[in-house]
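Below is one structure, written out as structure tokens, with a few remarks after it.
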Amino acid sequence: MSESENVGADVPPYRYTAATANEIEPRWQAYWAEHGTFRAPNPAGDLADPEHPRAGAPKLHVQDMFPYPSGSGLHVGHPLGYIGTDSYTRYKRMTGFNVLHPMGFDAFGLPAEQYAVQTGTHPRTTTEANVERYRQQLRRLGLAYDDRRTFSTTDPDYYRWTQWIFLQVFNSWFDRARRQARPIDELIAEFEAGTRPVPGGRVWSELSAVERRQVIDGYRLAYVSEAPVNWCPGLGTVLANEEVTPDGRSERGNFPVFQRSLKQWMMRITEYGDRLVDDLDALDWPEPVKLMQRNWIGRSRGAHVGFPLDGDDVVEVFTTRPDTLFGATYMVLAPEHDLVSTIVPAEWPAGVKDAWTGGHDTPEAAVAAYRAQAAAKTEEERTADAKVKTGVFTGAYATNPVNGARVPIFIADYVLAGYGTGAIMAVPGHDERDWDFAQTFDLPIVRTISTPEGHEGVWTGDGVAVNSEFLDGKNVVDAKAAMISWLEERGHGKGATTYRLRDWLFSRQRYWGEPFPIVYDETGLPIALPESMLPVELPDVDDFSPRTFDPDDADSEPETPLSRKKDWVEVVLDLGDGPRTYTRETNTMPQWAGSCWYELRYLDPRNDKRLVDPENEAYWMGPRGEGDPGGVDLYVGGVEHAVLHLLYARFWHKVLFDLGHVSSFEPFRKLYNQGYIQAYAFRDARGFAVPADEVVERDGKWFHGDDEVTREYGKMGKSLKNVVTPDEMAERYGADTFRVYEMAMGPLDVSRPWDTRAVVGSQRFLQRAWRLVVDEETGANRVTDEPLDPKTRRVLHRVIDGVRGDMEELRFNTAIAKLIELTNTLTPRSTVSREAVEPLVLMMSPFAPHVAEELWGKLGHEGSLAYADFPVADPAQLVAESVTYPVQVNGKVRGRVEVAPDTAEDAVRAAALEAVAETLGGREPRKVIVVKGKLVSVVV
RNA sequence: GGGGAUGUGGCGGAAUGGCAGACGCGCACGGUUCAGGUCCGUGUGUCCGAAAGGACGUGGGGGUUCAACUCCCCCCAUCCCCA
């Protein structure tokens, strides 16, 4: 880089420049490290320190969403949130809090594994190098972490506890009566005592040992399931739903994905659906994130309703709108529904409409043809909002239980077998898809909800029940409740709650993840390893990739990297009944596992006896009173984790809470989503990205050399050639300038474009502040002990007051604006008073800690200012000497009056009227409004 | 298709019912300098005006109010989530 910002021939020798910053910054970083400045004392254990200045002080636990250390390092967008939390925690530390602000690394995951596959380098090697690089980059920014509380999720000391939590989940079951997880041993005890009926109505003592294990395994919160999963032969692995694109292909590699039943580990997160929804109310989270979680869980209250068939069979449907039952004029089964083949009659009933038969001579032929057609479509194609609905009549009828009406049964592909019961009651008057279907097949439409005057077509809005006998006149909520009790009394149905949330697919056919602490015996049933055998370390292998197949070979079977390591898979263990041979689980955990509980490990990172000491957990994360969820006081990260990470972490935390391992029932009390720093990218005529820092603007157009280029706005990325790194900024301007710029450029929660040109503004601010203390020509201290003049003193205290308010609310941009104002007020003075400069330096320090420490030293203080008291405004100084009231006449400012702050309203009114007498021109004011301290409004 | 968010000078943004544009970038002019850069100072929403001053102005339209960027209704655009 040939930067010339500071190379000018006559830059004063003691000016604050990039060179100054690059001398000061590493020196203070070394000082902090050497003195353990940012270590936070625990109440108990090896990190306790009764001598610490904040021992026993009120605590504050602030955390960032930890990064995945990628191979390309940080760009300037990554540390935005980290600088925000660092500024906030430095401030809170100076106001007396014992602040915990740690950082770790989420280091299992695909990129390291893929790199390993390509190069043969062990993922651990790559990962450790990346983590080291991240650490250096973060250190260079002066981020004040407790250096003792850091780890990677790939450390065996860490994933030992990830495995331990898995065992807690595996060894527990969900007691629906108590709505909580309980140890599996208590379930076994209940079966043994006969206080809980054994599923299938059998007697516990008569079951074989294997049968008993099967029963128990059916209750565990972590269980092996033969369940439909997304199998991707081209990648050789099973994918989570969110890793599959809407058109049924893998997000990575774009290979076909097939729905296959495979044996996989699942976690019973659905049991926590209610609590995951209900407890959102206790959290201080952005409403949009809460809403996304509610939608993801998708709780809906409704009813199961039985529609009797002509024989003994009943078609079960689930509906969220039992209040519309009187409008159910037909039924639709999924083409794959089990009942379809049994209800189809030999011949079409008399008077069947032509449109219903699909042109086939018999119901059987029609159904067979339609089934074949539906099977060829993907789920996505089937649920897409096709304007024209397809389907065919089965020839059979059912009875609507509320009014005895005979309703025809169709099959149609807009009903999915895997969702709900695979059958619906169709209410065409109030459901769009049912309406479209009824239009296509000429089916009757009965309105059961009042519709606005003159409305034609389907009505999905609110209203009161009509045409519904005993429900008429009720609103939707009351009508639902009334219908559910009516159904329950007569045995036609039952109220129920369903969830969109599915159980969590917890195994992956990959190498670079946590091994399961599970072995299998000859029965093929899983056995938990005892705690004493943890961690189950990830063994070295020669080939890190899962076996891949012809991308279209749906019938291929997964083969995991670990399964090829026979001497690891086959293991002789003594699990209590002598040495026997077992087979290890060869799947690994998904990347989410390590990030599901890391907030807890920071509290007690070196504890090898427990996950976290209860005293430390209660101190840092415990609830503050009845109904308080506890948890991290402030958790900052991107909104992209709104659902999955935050849902999984809440789930694990609740299991740990139920089992008594933590006292908080939520992991993150307050969530804050920082915005993203985005960037412009430029492309030449061929569409290739050109280096953004070589593009110049001329007359509103952009040029790369002589070639005009087009501009686009988006992410920073290597391929877009628009990456700016924090190291680059630290070198050119200093880390303090970079930090101030990132915090000053806008509110923390809003995305905005990076603009390197504008960074210089932050450097000038620091330069001016520096110049207040240091004579640029001689290096001498300019600060005097003269008292401030009264006017400047009031400015100072107004700034102190404003900055405190802004800091508390994370409004760093306006806090910095106020500090600049104060600096600019002091700059023209020939003498600089300590009374103003010391508070300025202290208030700057959360944003520009290195330069603030340096100036603090120059002001004659020993050591670090990290624990100095943040300035407090004197209320007496906040009262203005006089108040200027703008005077509005009919909403336009026509004059001003200056009066003493405590002037009575009548006097203000009189003065104001006099000030605008000319404008009024003798007209009598209709109304005069005096807003104390703000303005006077006159209406004529 | 449903839900959510956002929309203010050339640019990032400030003001949450009370003087729209704090603070910064950029730009212009002046000082310093042989000069460029730096630094210091002044100015900078648009239109009319030499100025004083005036009119207009927060995506568009309507409403509530003495007073609306801010609250309510409709519309438009962009982004995000879900389908």
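These numbers come from a predicted model, not from an experiment.
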Going by salt bridge (charged side-chain N to carboxylate O under 4.0 Å, His left out), name the residues that satisfy it together with [X], two or more places apart in sequence or in a different chain.
{"X": "A:D906", "value": "none"}
{"X": "A:D801", "value": "none"}
{"X": "A:R782", "value": "none"}

Restricting to side-chain hydrogen bond (donor to acceptor under 3.5 Å, both in side chains), what partner residues turn up for [X], sequence neighbours left out?
{"X": "A:D693", "value": "none"}
{"X": "A:T827", "value": "none"}
{"X": "A:Q888", "value": "none"}

Quiz prompt | Minimum side-chain heavy-atom gap A:T20-A:I24 below 4.5 Å | solution = yes
Quiz item: Listed by chain and number, what are the ring pair (Phe, Tyr, Trp, His ring centres under 6.0 Å) partners of A:H797, not counting sequence neighbours?
Solution: none
Practice problem: Name the residue closer to the 5' end of RNA chain B, choosing between A:V639 and A:E821 according to the nucleotide with the nearest heavy atom. | Solution: A:E821
Quiz item: Is A:A817 touching bases, backbone alone, or none of the nucleic acid, heavy atoms closer than 4.0 Å?
Solution: base
Practice problem: Name the nucleic acid region contacted by A:R294, choosing base, sugar-phosphate or nothing; use a 4.0 angstrom heavy-atom cut-off, strictly under. | Solution: nothing
Just the atom pairs and distances: protein N or O near nucleotides 29-31 of chain B's N or O, under 3.5 Å.
none

Self-check item: All pairs passing side chain to side chain donor-acceptor pair (under 3.5 Å) where residues 737-747 of chain A contributes a residue, at least two apart
Solution: A:D86-A:R739
Quiz item: Which nucleotide in the set B:C23, B:C39, B:G54 lies at the smallest distance from any side-chain heavy atom of A:R894?
Solution: B:G54
Quiz item: A:R771 has a side chain; which of B:U38, B:G54, B:C40 sits nearest to it?
Solution: B:C40
Atom pair distance, as rounded to whole Å: [atom1] in [X] and [atom2] in [N]:
{"X": "A:L644", "N": "B:C80", "atom1": "CG", "atom2": "C1'", "value": "15 Å"}
{"X": "A:Q763", "N": "B:U38", "atom1": "CD", "atom2": "P", "value": "11 Å"}
{"X": "A:L822", "N": "B:A22", "atom1": "CG", "atom2": "C1'", "value": "15 Å"}
{"X": "A:N824", "N": "B:A22", "atom1": "CG", "atom2": "P", "value": "13 Å"}
{"X": "A:L819", "N": "B:A22", "atom1": "CG", "atom2": "P", "value": "18 Å"}
{"X": "A:R299", "N": "B:C82", "atom1": "CZ", "atom2": "C1'", "value": "19 Å"}
{"X": "A:E777", "N": "B:C39", "atom1": "CD", "atom2": "P", "value": "14 Å"}

What's touching nucleotides 66-70 of chain B from the protein side, N or O pairs under 3.5 Å?
residue	atom	partner	partner atom	Å
B:C66	OP1	A:K927	NZ	3.2
B:C66	O2	A:S937	OG	2.7

Quiz item: Which pairs with one or both residues in residues 899-927 of chain A pass ring pair (Phe, Tyr, Trp, His ring centres under 6.0 Å), sequence neighbours excluded?
Solution: none
Quiz item: Taking N and O atoms by type only, does the side chain of A:R896 place a donor or acceptor under 3.5 Å from a partner on the base of B:C19?
Solution: yes
Exercise. Examine B:U38: is either OP1 or OP2 under 4.0 Å from a nitrogen or oxygen in the side chain of A:R15? Give yes or no.
Key: no
Exercise. Check whether any side-chain N or O of A:R500 sits under 4.0 Å from OP1 or OP2 of B:C82, and answer yes or no.
Key: no
Quiz prompt | Donor-acceptor pair between A:Y91 and A:E808 side chains, under 3.5 angstrom | solution = yes
Quiz item: Under 3.5 Å, is there a donor-acceptor pair between the A:R301 and A:T497 side chains?
Solution: yes
Practice problem: List the protein contact pattern of nucleotides 2-15 of chain B with one symbol per nucleotide (5' to 3'): B for base contact, S for sugar-phosphate-only contact, - for none; contact means a heavy-atom distance under 4.0 Å. | Solution: -SS-------SSS-
